Each structure stands twice: as structure tokens, then as C-alpha cells.
Amino acid sequence: MSVFSTPDASQPARFLVVLDADSTLIQNEAIELLAEEAGSLDHVAAVTERAMRGELDFAASLRERVATLAGLEGLVFDVVRSRITVTPGVQELIAGLHDRGSRVGVVSGGFHELLDPLGAALGLDHLRANRLEVVDGRLTGRVLGPIVDAQAKADALTQWAAENEVPLRQTIAVGDGANDLLMMGVAGLSVAFNAKPAVRERADVTAGRIDLSDVLPLIGLRG
Ligand SMILES: [Mg+2]
């Protein structure tokens, strides 16, 4: 193990990279994997596409999509987790950041129930997402607490930067959808990754291929 491989909490981090989850950290849309199990995939996929293009209010559209999951057994999370595909380059990106004392967080309009084990396995420093209500072993079709929407994503980036004593100019936001635009506006550098046209137009940089380790050279770090 390199002597630099463990972040030193006594030293201010050099960078904070905040990733979106669905179609960024992972190649799936979590709500669609769940909807497939509920038999509501066609409807949910159409709503998700419009939401990511910025045509719908994210929170309202998420509530509508989650409502179609009512009645699914809680065990569905185990099934769906096994079908998540992690985006190439994630491990290299996280290792490269940690080697230089930097931090990485994920903020998602998806769900803690699916992302928590992945976040632990990857060694994420921060993770914030929505939670699905389960009563008597079944999903109720409701989201618990305030929804992680575009503003909540920007707030998470700002909060994590402060906690890690990273100036906002040394923060990087990486995402693909319209609900990433506010956090991309707050960050020092915004990266459109696998992104919708509206996101590519407003980002500082558009990633040319689907490999998250490409973020390292953008901030002067080699993978
Ligand atoms: Mg996304």
C-alpha cells in the first residue's frame, strides 16, 4: 500500500469530486430496475427520460414513479442490486483521488437501499440518496423524508466541501441529467458525463467516453 493511499483527516483535501449515481456512477437508472420488477417499466422509463431532460419537476416525477413500486417485497433490493453495472474507471478514479488526499461523494435521486453496499465497497467518503418506505416487508410506494432533487444535490456538494475544507473552486461535479445542473453550477468544474444535450451545453467539459478515470487528468491528476 502506498503511504499516500489513506486520506489524512488532519490535512485539508485538495479536491472534492461529487458524482451523480444513475447513468454516471452506475450504468443503470435504479428506478427502472425496480420498475421492471413491479411491471411498470415502460411508464417509468418514459417519465425518467423526460425528467432527465429537464421537462418535468424532478421531485413530483419521482413520487409518481415510486408510487408504481407499491407492493413490491423489500427483498427486491437484493435482486436489483445484483443487476447494477458499475461504470468503468470508478475504482481508478476513487483510488487516484484518495492517493492525493482528495475526497469523493455520490449524491443521487436514486435510493440508499441500492447504493449503500456499493458505496461501502467502493470506499466513498460521502453518499446521499432517497429512502423508500417499507412497511410489513413491502414497499409502500412512498419516499421517506425530503426528496434529493437538484437543489439537494447542490446543497450536498456545498456541505461536503465545507466539511472537508475544500474551497468550492476545487470541487468537481460529474453528472448526466438535468437534476445535476445546480450542483454543476456550484462546483469549480462541471463535467457532463454520458450526458443529455441540455447538460452537455452547460457543462465546462464533456467527457468523451464512458470511463470515469478520465476525470483525473481534468484536474491535473494522473490515473
Ligand atoms: Mg443520472
Side-chain angles (χ1 to χ4, degrees), residues 16-36 41 44-66 69 80-81 83-90 93-94 104-116 118-119 122 124 126-132 143 147-157 160 171-187 189-215 218:
L16 167 69
V17 173
V18 178
L19 305 165
D20 165 55
D22 294 332
S23 299
T24 302
L25 176 77
I26 63 176
Q27 299 196 278
N28 318 88
E29 291 284 332
I31 185 77
E32 293 183 2
L33 295 178
L34 290 164
E36 205 169 341
L41 177 61
V44 164
V47 174
T48 299
E49 175 72 14
R50 292 188 63 202
M52 290 304 103
R53 288 181 182 276
E55 297 171 6
L56 300 173
D57 173 73
F58 180 81
S61 80
L62 185 69
R63 289 188 198 285
E64 179 191 333
R65 287 175 282 164
V66 168
L69 308 179
V80 166
R81 267 189 226 112
R83 290 169 42 215
I84 289 176
T85 303
V86 178
T87 301
V90 171
L93 173 63
I94 294 171
V104 57
V106 167
V107 63
S108 174
F111 310 104
H112 271 291
E113 292 81 0
L114 299 177
L115 291 171
D116 282 355
L118 176 62
L122 290 172
L124 295 178
H126 303 277
L127 173 59
R128 186 173 297 171
N130 293 302
R131 290 187 190 281
L132 294 167
V143 180
I147 284 185
V148 177
D149 59 5
Q151 185 60 53
K153 287 187 162 198
D155 293 346
L157 185 145
W160 295 340
T171 63
I172 300 94
V174 185
D176 71 293
N179 64 333
D180 299 315
L181 286 170
L182 288 184
M183 75 166 176
M184 292 169 84
V186 169
L189 179 73
S190 57
V191 181
F193 186 85
N194 189 26
K196 303 295 182 192
V199 178
R200 290 201 300 267
E201 283 165 16
R202 288 171 61 181
D204 297 316
V205 183
T206 295
R209 59 179 188 154
I210 306 299
D211 185 329
L212 281 168
S213 69
D214 286 351
V215 173
L218 290 178

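Fair warning: this is a prediction, and the values are worked out from it, not measured in the lab. First listed ligand is number 1; within each ligand, the first listed atom is number 1. We're numbering straight along the sequence, starting at 1.
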| Backbone N or O of Thr24 within a donor-acceptor pair of the Thr87 side chain at under 3.5 Å? |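 The answer is yes, because a donor-acceptor pair under 3.5 Å joins these two groups.
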
| task | Provide the full list of salt bridge (Lys or Arg N to Asp or Glu O under 4.0 Å) pairs with a residue in residues 55-64, sequence neighbours left out, each pair given once. | result |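 Passing the test, one end in residues 55-64: Arg50-Glu55.
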
| Nearest to the Mg ion (ligand 1), which N, O or S atom of Asp176 do we find? |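 For Asp176, the N/O/S atom sitting closest to the Mg ion (ligand 1) is OD1.
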
| message | Tell me which N, O or S atom from Asp22 is the closest to the Mg ion (ligand 1). | response |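 Looking only at N, O and S atoms of Asp22, the one nearest the Mg ion (ligand 1) is named O.
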
| field | Test item: side-chain donor near acceptor, Asp155 and Gln151, under 3.5 Å | value |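 The criterion, which ignores hydrogens and geometry beyond distance, is satisfied for Gln151 and Asp155.
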
| query | Would one find an N, O or S atom of Asp180, in either backbone or side chain, under 2.8 Å from the Mg ion (ligand 1)? | reply |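 Of the N, O and S atoms in Asp180, none lies under 2.8 Å from the Mg ion (ligand 1), which means no.
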
| said: Can you tell me if, anywhere in Asp20, an N/O/S atom lies at a distance from the Mg ion (ligand 1) that is smaller than 2.8 Å? | reply: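 Yes.
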
| field | Carboxylate-amine/guanidinium contact Lys196 Glu49, below 4.0 Å | value |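 Yes, this pair counts.
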
